[in-house]
Visitor: 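Dropping the structure in here first, questions after.
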Amino acid sequence: MGARRVWSVLMCLGLFAASPASQAQRADDPVEKGGAAIRDRFVAAVRKCGIEPSFIPGVIVKTDPTMVSYMFADRSVHLPRWSELPPPLQGMMGA
């Protein structure tokens, strides 16, 4: 059940929609903020269970059209922008 919950959270991250942002707007990026908020709630829930995570995953907004994914190499959740996903991927994630 726990693994399904994690994947549900990761998939929900991909549903955040935003227009492409410049480097100057990155700090106010709603996709990045939304992903970080979900990550922070997840980490708080883990800590509430009495477990201290060995690391806190990062949140990276990708500009290429990929699915939401966790990358072990940089320990980060990679999020696409909804507006940049091809229609078939939008259909899969919006279903």
Side-chain angles (χ1 to χ4, degrees):
M1 182 73 167
R4 269 196 268 178
R5 174 77 174 140
V6 170
W7 280 111
S8 296
V9 169
L10 291 176
M11 290 305 291
C12 287
L13 289 173
L15 298 178
F16 290 103
S19 60
S22 69
Q23 281 292 65
Q25 295 171 321
R26 181 181 157 100
D28 294 326
D29 187 343
V31 176
E32 191 168 342
K33 281 184 173 182
I38 292 171
R39 183 248 352 250
D40 293 345
R41 287 193 305 267
F42 177 79
V43 170
V46 168
R47 287 181 173 149
K48 190 174 180 180
C49 293
I51 300 169
E52 184 60 33
S54 59
F55 66 93
I56 307 301
V59 175
I60 297 174
V61 179
K62 303 280 285 189
T63 57
D64 56 336
T66 61
M67 299 291 285
V68 174
S69 56
Y70 176 78
M71 300 300 209
F72 288 95
D74 63 4
R75 295 181 169 179
S76 294
V77 176
H78 291 237
L79 305 173
R81 294 186 186 284
W82 183 259
S83 61
E84 296 173 4
L85 286 176
L89 287 179
Q90 286 183 355
M92 284 177 30
M93 293 177 72

Visitor: Please enumerate all residues that pass side chain to side chain contact (heavy atoms under 4.5 Å, CB included) together with Phe55, with sequence neighbours excluded.
Guide: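 Here the qualifying residues are Pro57, Tyr70, Arg75.
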Visitor: For Arg39 and Val59, work out which heavy atoms get closest and say how close.
Guide: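 Scanning both residues, the minimum pair turns out to be NH1-CG2, 4.0 Å.
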Visitor: Evaluate the side chain to side chain contact (heavy atoms under 4.5 Å, CB included) criterion for residues Ser69 and His78: first the C-alpha distance (whole Å), next the side-chain angles of each, then the deciding distance (0.1 Å), finally the verdict.
Guide: CA-CA 5 Å; Ser69 56; His78 291 237; 3.9 Å; yes
Visitor: Any chain of hydrophobic side-chain contacts (each under 4.5 Å) joining Leu85 to Met92?
Guide: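 Leu85 and Met92: one cluster.
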Visitor: Check Pro80 against Val31 and note the closest heavy-atom contact, atom names and distance.
Guide: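 Heavy atoms of Pro80 and Val31 come nearest at O-CG1, 4.3 Å.
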Visitor: According to a 4.5 Å side-chain heavy-atom criterion applied to Ile, Leu, Val, Met, Phe, Trp and Tyr, with indirect links allowed, do Ile56 and Phe72 form part of one hydrophobic cluster?
Guide: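 No, it is not one cluster - the side chains of Ile56 and Phe72 are not joined through contacts under 4.5 Å.
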Visitor: Considering all heavy atoms of both residues, which atom of Glu84 and which atom of Lys62 are nearest to each other, and what is their separation?
Guide: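 That would be OE1-O, 4.0 Å.
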Visitor: Over all heavy atoms of both residues, which pair between Val43 and Pro53 is shortest? Give the atoms and the distance, please.
Guide: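 What the structure gives for the nearest pair is CG1-CG, 4.0 Å.
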